[in-house]
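Take a look at the structure below.
If you're wondering where the values come from, they're calculated on a predicted model, not measured in any experiment. Heavy-atom basis, side chains included; hydrogens, waters and symmetry copies ignored. Per chain, numbering begins at 1; letters A, B, ... match sequence-line order.
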Number of protein chains: 2
Amino acid sequence: MSGDQDRAVAELLRLRGSIDNLDAALIHIMAERFKITQRVGQLKAAHGLPPADTDREARQIARLRELAIDSDLDPEFAEKLLNFIVREVVRHHIEIADEHSRGAAAGD
Amino acid sequence: MSGDQDRAVAELLRLRGSIDNLDAALIHIMAERFKITQRVGQLKAAHGLPPADTDREARQIARLRELAIDSDLDPEFAEKLLNFIVREVVRHHIEIADEHSRGAAAGD
């Protein structure tokens, strides 16, 4: 049984190495995604567009649920994940819009 | 001003295309990550290891916060994101452990 346990621990360590690699990729994708949504927020603020866009979000959710099904990921989780990210993005956009309107009021 | 607005809309559409590409990558990374954590869950259940591992999680959080800082992502967001994912993984692991103990009780 000890050899069995050793092999299990070795496999666990190997799997954790792969998880760590995927998490690094995840962080870099999220960093890039927020760079882009920051720019979207600036554009929206400069042109007076609303921070949230429910039609766009509905299309994104439908698409990501399909991609999730095709890649064997729980589509409910994919939707929850996008909602989690979008909440953070909308929070950033509201901050940008606030800064923009304060700037406009101050004549910047 | 109309040319300005047109250019802003064109840029918004371009940026959304990039967000959609990153989201597809995100879904595929998450699909692969859950395949690996399902295997981790099976290993843990087969060897009677606890579903959660707080030391491992603390190390993961510290590492991802550093990666986030290096790539200009809010480290608080990176930590919240990992916690969000880990909650889902632990839920899966508890399900796997439950199935395993029911299987063991039934002599499977």
Worksheet item: Can you tell me how far the CD1 atom of B/Ile85 sits from the CG atom of A/Leu26, to the nearest 0.5 Å?
Response: 5.0 Å
Worksheet item: Given that the side chain runs from C-beta out, which part of B/Asp74 has a heavy atom under 4.5 Å from chain A: side chain, backbone, both or neither?
Response: side chain
Item to complete: Check the hydrophobic clustering (I, L, V, M, F, W, Y; side-chain heavy atoms under 4.5 Å; chains of links allowed) and say if A/Ile61 and A/Ile69 are grouped together.
Response: no
Worksheet item: Looking at A/Leu12, A/Leu49, A/Val9, which one has more heavy-atom pairs under 4.5 Å with chain B than the rest?
Response: A/Leu12
Discussion item. For A/Glu66, is the CD atom crowded, meaning more than 12 foreign heavy atoms sit under 6.0 Å from it?
Written reply: no
Fill in: Contact class of A/Arg16 relative to chain B, heavy atoms under 4.5 angstrom
both
Discussion item. Would you say that A/Leu15 contacts B/Lys35 through its side chain, given a criterion of any heavy-atom pair below 4.5 Å between the two side chains?
Written reply: no
Discussion item. What verdict does the side-chain contact (heavy atoms from CB on, under 4.5 Å) test give for A/Arg33 and B/Asp23, after you've listed the backbone C-alpha separation in whole Å, the side-chain angles of each residue and the deciding distance to 0.1 Å?
Written reply: CA-CA 8 Å; A/Arg33 195 187 193 283; B/Asp23 282 348; 2.6 Å; yes
Item to complete: Check whether B/Glu88 gets within reach of chain A through its side chain, its backbone, both or neither, counting any heavy atom under 4.5 Å.
Response: side chain
Discussion item. Is the shortest side-chain heavy-atom distance between A/Glu32 and B/Ile19 below 4.5 Å?
Written reply: no
Discussion item. Hydrophobic clusters here meaning ILVMFWY residues chained together by side-chain heavy-atom distances under 4.5 Å, can you tell me if A/Leu73 and A/Leu64 are in one?
Written reply: yes
Fill in: Under 4.5 Å from any heavy atom of chain B - which part of A/Leu81
both
Response to the item:
Cut-off 4.5 Å, heavy atoms of chain B, and the answer for A/Lys44 is side chain
Worksheet item: What residue, out of A/Ala78, A/Ser18, A/Ser71, has the most heavy-atom pairs lying under 4.5 Å from chain B?
Response: A/Ser71
Practice prompt. Measure distances from B/Leu43 to the heavy atoms of chain A and classify the residue's part below 4.5 Å as side chain, backbone, both or neither.
Written response: side chain
Practice prompt. On the 0 to 90° scale, with breaks at 30° and 60°, tag the B/Phe34-A/Phe77 ring pair as parallel, tilted or perpendicular.
Written response: perpendicular
Worksheet item: For the atom pair CE (B/Met30) and CG (A/Asp72), what is the distance rounded to the nearest 0.5 Å?
Response: 14.0 Å
Practice prompt. Could you state whether B/Val40 and B/Ile96 fall into the same hydrophobic cluster, counting links through intermediate Ile, Leu, Val, Met, Phe, Trp or Tyr residues with side-chain heavy atoms under 4.5 angstrom apart?
Written response: no
Discussion item. Would you compute the distance between atom CG of B/Leu22 and atom CD1 of A/Ile36 and round it to the nearest 0.5 angstrom?
Written reply: 5.0 Å
Item to complete: Answer with side chain, backbone, both or neither: which region of A/Ile29 has an atom nearer than 4.5 Å to a non-hydrogen atom of chain B?
Response: both
Worksheet entry | More than 12 heavy atoms of other groups within 6.0 Å of B/Glu11 CD | yes
Response to the item:
Cut-off 4.5 Å, heavy atoms of chain A, and the answer for B/Gln60 is side chain
Fill in: Leading residue by heavy atom contact count with chain B [cutoff under 4.5 Å; candidates A/Thr37, A/Leu67, A/Asn21]
A/Leu67
Discussion item. Tell me if a side-chain donor or acceptor on A/Arg63 pairs with a main-chain N or O of B/Asp20 at a distance below 3.5 Å.
Written reply: yes
